[in-house]
Visitor: 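Following this message is one structure expressed as structure tokens.
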Amino acid sequence: MPMSRAGASTEYGFTLVELTLVIALLGLLLGMVVPRLPAIGEKRLDATARRIAAMTRHLYNEAALTGLEHRLFFDIEKNSLGGRRIEENGELVPVTGSGRDLDLSSPIRLADVSLPGRERINRGEVSSRILPVGWIEETVIHLQGEKRTLTLYLQPLTGETEIYEGYKEFH
């Protein structure tokens with residue numbers, strides 16, 4: 001004769017208390033994460049500016065080490081930039097490593113690039129010269145994010161990049 005045990009159940013599932021607890025924890029986590037989501041894009045803008053500064057410094061150092069002129073090459077319509085080296089035969093060669101091409105992702109874009117003696121360039125291609133004697137062409141880069149603009153100023157004698165909040169002109 002079969003015997004039943006008190007409290008034994010053959011049905012499996014979650015109790016109402018367990019479900020309520022899980023939903024409350026998910027709500028708490030979402031409440032902490034969602035307000036920070038817009039800041040992720042703005043942090044990406046800052047990270048991109050720092051990446052460009054590192055690329056510029058790398059190209060500046062490579063020009064001095066190799067004795068070859070380098071270029072910081074901008075393609076504004078493709079929203080990309082990267083390093084180029086001018087070989088002894090005059091050939092323009094893409095740089096590898098920290099100077100390799102960088103494609104900017106949406107919503108970050110190159111708004112414009114300013115070089116001395118030229119109008120502000122906001123379409124097409126342009127390059128900034130980096131000479132082996134320790135000089136880079138004074139360059140102003142404007143990076144546009146969703147809500148902010150950053151200005152990058154490349155210092156001619158040091159190769160350092162100054163980053164400013166907002167749209168700033170130097171010429």
Side-chain angles (χ1 to χ4, degrees), residues 32-171:
M32 290 172 28
V33 170
V34 170
R36 294 177 184 234
L37 289 179
I40 291 172
E42 297 308 312
K43 288 181 182 179
R44 229 174 33 195
L45 179 64
D46 294 330
T48 301
R50 288 191 305 274
R51 171 75 172 89
I52 293 171
M55 177 187 295
T56 302
R57 190 65 171 154
H58 173 77
L59 295 172
Y60 184 86
N61 291 335
E62 282 295 307
L65 289 170
T66 62
L68 298 172
E69 182 178 328
H70 282 61
R71 302 273 174 100
L72 183 55
F73 183 83
F74 303 91
D75 189 332
I76 297 173
E77 291 174 18
K78 288 184 180 176
N79 207 33
S80 66
L81 66 148
R84 304 288 186 268
R85 177 180 60 245
I86 299 178
E87 297 289 342
E88 291 178 6
N89 64 4
E91 183 182 1
L92 198 61
V93 178
V95 176
T96 58
S98 296
R100 71 183 178 278
D101 287 355
L102 173 63
D103 293 323
L104 304 181
S105 59
S106 180
I108 300 168
R109 68 178 185 84
L110 282 169
D112 59 56
V113 176
S114 297
L115 298 164
R118 299 189 224 174
E119 292 183 25
R120 187 176 325 135
I121 297 119
N122 57 14
R123 67 179 92 97
E125 299 174 348
V126 65
S127 65
S128 181
R129 297 174 61 199
I130 304 169
L131 301 180
V133 295
W135 181 83
I136 184 170
E137 195 168 16
E138 180 182 28
T139 308
V140 179
I141 307 162
H142 293 109
L143 279 181
Q144 182 74 49
E146 282 184 348
K147 298 178 183 176
R148 294 171 45 219
T149 300
L150 293 180
T151 300
L152 284 69
Y153 175 70
L154 309 185
Q155 297 231 355
L157 295 175
T158 63
E160 294 295 322
T161 302
E162 296 176 359
I163 301 172
Y164 297 94
E165 191 70 40
Y167 193 101
K168 188 171 180 175
E169 295 192 38
F170 291 86
H171 306 292

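Just so you know, these numbers use all the heavy atoms, side chains as well, and skip hydrogens, waters and symmetry mates.
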Visitor: To check you understand the geometry: which heavy-atom pair defines the closest contact between Q144 and A111, and what is its length?
Guide: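 Of all heavy-atom pairs spanning Q144 and A111, the closest is CB-CB, 4.3 Å.
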
Visitor: Looking only at non-hydrogen atoms, find the nearest pair between P132 and A63 and report the distance.
Guide: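 In this case the closest contact between P132 and A63 is CB-O, 3.3 Å.
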
Visitor: Hey, could you give me the CG/CG distance between L68 and L131, rounded to the nearest 0.5 Å?
Guide: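 Between L68 CG and L131 CG, I get 11.5 Å after rounding to 0.5 Å.
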
Visitor: Take L157 and W135, measure what side chain to side chain contact (heavy atoms under 4.5 Å, CB included) needs, and give me the verdict at the end.
Guide: CA-CA 5 Å; L157 295 175; W135 181 83; 3.9 Å; yes

Visitor: If I take atom CG from residue L104 and atom CD1 from residue I52, how far apart are they, to the nearest 0.5 angstrom?
Guide: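 Answer rounded to 0.5 Å: 5.5 Å.
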
Visitor: Could you measure the distance from the CG atom of L110 to the CG atom of N122? Nearest 0.5 Å is fine.
Guide: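 CG of N122 is found 11.0 Å from CG of L110.
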
Visitor: According to ring-ring contact (aromatic ring centres under 6.0 Å, His included), does anything in residues 82-106 pair up with another residue at least two apart or in another chain? List the pairs.
Guide: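 Applying ring-ring contact (aromatic ring centres under 6.0 Å, His included) to every pair that reaches into residues 82-106, excluding sequence neighbours, yields nothing.
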
Visitor: Please evaluate residues I141 and T151 with respect to the criterion side chain to side chain contact (heavy atoms under 4.5 Å, CB included), reporting the C-alpha separation (whole Å), side-chain torsions for both, the decisive distance (0.1 Å), and the verdict.
Guide: CA-CA 6 Å; I141 307 162; T151 300; over 6 Å; no

Visitor: Please, which pairs that meet ring-ring contact (aromatic ring centres under 6.0 Å, His included) have at least one residue in residues 72-120, sequence neighbours excluded?
Guide: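 Every candidate ring-ring contact (aromatic ring centres under 6.0 Å, His included) pair involving residues 72-120 fails, so no pair, neighbours aside, qualifies.
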
Visitor: List the atom pairs, with distances to 0.1 Å, where a side-chain N or O of residues 86-95 and a protein N or O form a donor-acceptor pair under 3.5 Å, not counting sequence neighbours.
Guide:
residue : atom : partner : partner atom : Å
E87     : OE2  : R85     : NE           : 2.7
E87     : OE2  : R85     : NH2          : 2.9
N89     : OD1  : E91     : N            : 2.9

Visitor: Go through the steps for T139 and L72 under the test side chain to side chain contact (heavy atoms under 4.5 Å, CB included), then give the verdict.
Guide: CA-CA 10 Å; T139 308; L72 183 55; 5.8 Å; no

Visitor: Could you tell me how the ring of Y164 sits relative to the ring of F170: parallel (under 30°), tilted (30 to 60°) or perpendicular (over 60°)?
Guide: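 Rings of Y164 and F170: tilted, as their planes differ by 30° to 60°.
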
Visitor: Mind checking side chain to side chain donor-acceptor pair (under 3.5 Å) for T48 and listing every partner two or more places apart, or none if nothing turns up?
Guide: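 None.
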
Visitor: Can you list the residues that meet the side chain to side chain donor-acceptor pair (under 3.5 Å) rule with D101, with sequence neighbours excluded?
Guide: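 Counting only residues at least two positions away or on another chain, D101 forms a side chain to side chain donor-acceptor pair (under 3.5 Å) with R84.
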
Visitor: Please list all pairs passing the side chain to side chain donor-acceptor pair (under 3.5 Å) test where one or both residues lie in residues 52-65, with sequence neighbours left out.
Guide: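 Those involving residues 52-65 are R57-E160.
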
Visitor: Using every non-hydrogen atom in the two residues, find where K168 and V140 come nearest and quote the distance to one decimal.
Guide: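 Nearest pair, atom of K168 first, then V140: O-CG1, 3.9 Å.
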
Visitor: Residues two or more places apart in sequence or in another chain: which of them pass salt bridge (Lys or Arg N to Asp or Glu O under 4.0 Å) with R109?
Guide: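 Here no residue qualifies.
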
Visitor: Test of understanding: with side chain to side chain donor-acceptor pair (under 3.5 Å), list the residues that count as partners of Q155, not counting sequence neighbours.
Guide: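 Checked Q155 against side chain to side chain donor-acceptor pair (under 3.5 Å); matches are E162.
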
Visitor: Atom CD1 in I136, atom CZ in R129: separation rounded to 0.5 Å?
Guide: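 Nearest 0.5 Å value for the CD1-CZ distance: 11.5 Å.
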
Visitor: Roughly how far apart are I108 CD1 and E146 CD, rounded to 0.5 Å?
Guide: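 These two atoms lie 9.0 Å from each other.
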
Visitor: List in chain and number order the residues that pass salt bridge (Lys or Arg N to Asp or Glu O under 4.0 Å) with R100, two or more places apart in sequence or in another chain; answer none if no residue qualifies.
Guide: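 Scan of R100 (salt bridge (Lys or Arg N to Asp or Glu O under 4.0 Å), adjacent residues dropped) gives none.
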
Visitor: Can you list everything that forms a salt bridge (Lys or Arg N to Asp or Glu O under 4.0 Å) with R118? Sequence neighbours excluded, please.
Guide: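 R118 satisfies salt bridge (Lys or Arg N to Asp or Glu O under 4.0 Å) with E137 only.
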
Visitor: Kindly give the heavy-atom pair with the smallest separation between M55 and L102, and that separation in Å.
Guide: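 Heavy atoms only, the tightest pair is CE-CB, 3.8 Å.
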
Visitor: Look up atom NE2 in H142 and atom OG1 in T149, then write down how far apart they are to the nearest 0.5 Å.
Guide: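 If we round to the nearest 0.5 Å, H142:NE2 and T149:OG1 are 8.0 Å apart.
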
Visitor: Checking R148 against L150 for the side chain to side chain contact (heavy atoms under 4.5 Å, CB included) test, could you report, in this order, the C-alpha distance in whole Å, the side-chain angles of both residues, the deciding distance, and whether it holds?
Guide: CA-CA 7 Å; R148 294 171 45 219; L150 293 180; 3.5 Å; yes

Visitor: Taking side chain to side chain donor-acceptor pair (under 3.5 Å) as the definition, give me every residue that meets it alongside R51, ordered by chain and number, with sequence neighbours left out.
Guide: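 In terms of side chain to side chain donor-acceptor pair (under 3.5 Å), with neighbours along the sequence ignored, R51 is linked to no residue.
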
Visitor: With side chain to side chain donor-acceptor pair (under 3.5 Å) as the rule and sequence neighbours excluded, what pairs involving residues 72-82 come up?
Guide: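 Pairs touching residues 72-82 that pass the test: none.
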
Visitor: Using a 6.0 Å cut-off, check whether atom CD of E165 has over 12 heavy atoms from anything other than its own residue.
Guide: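 Yes, the 6.0 Å shell around CD holds more than 12 heavy atoms from other groups.
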
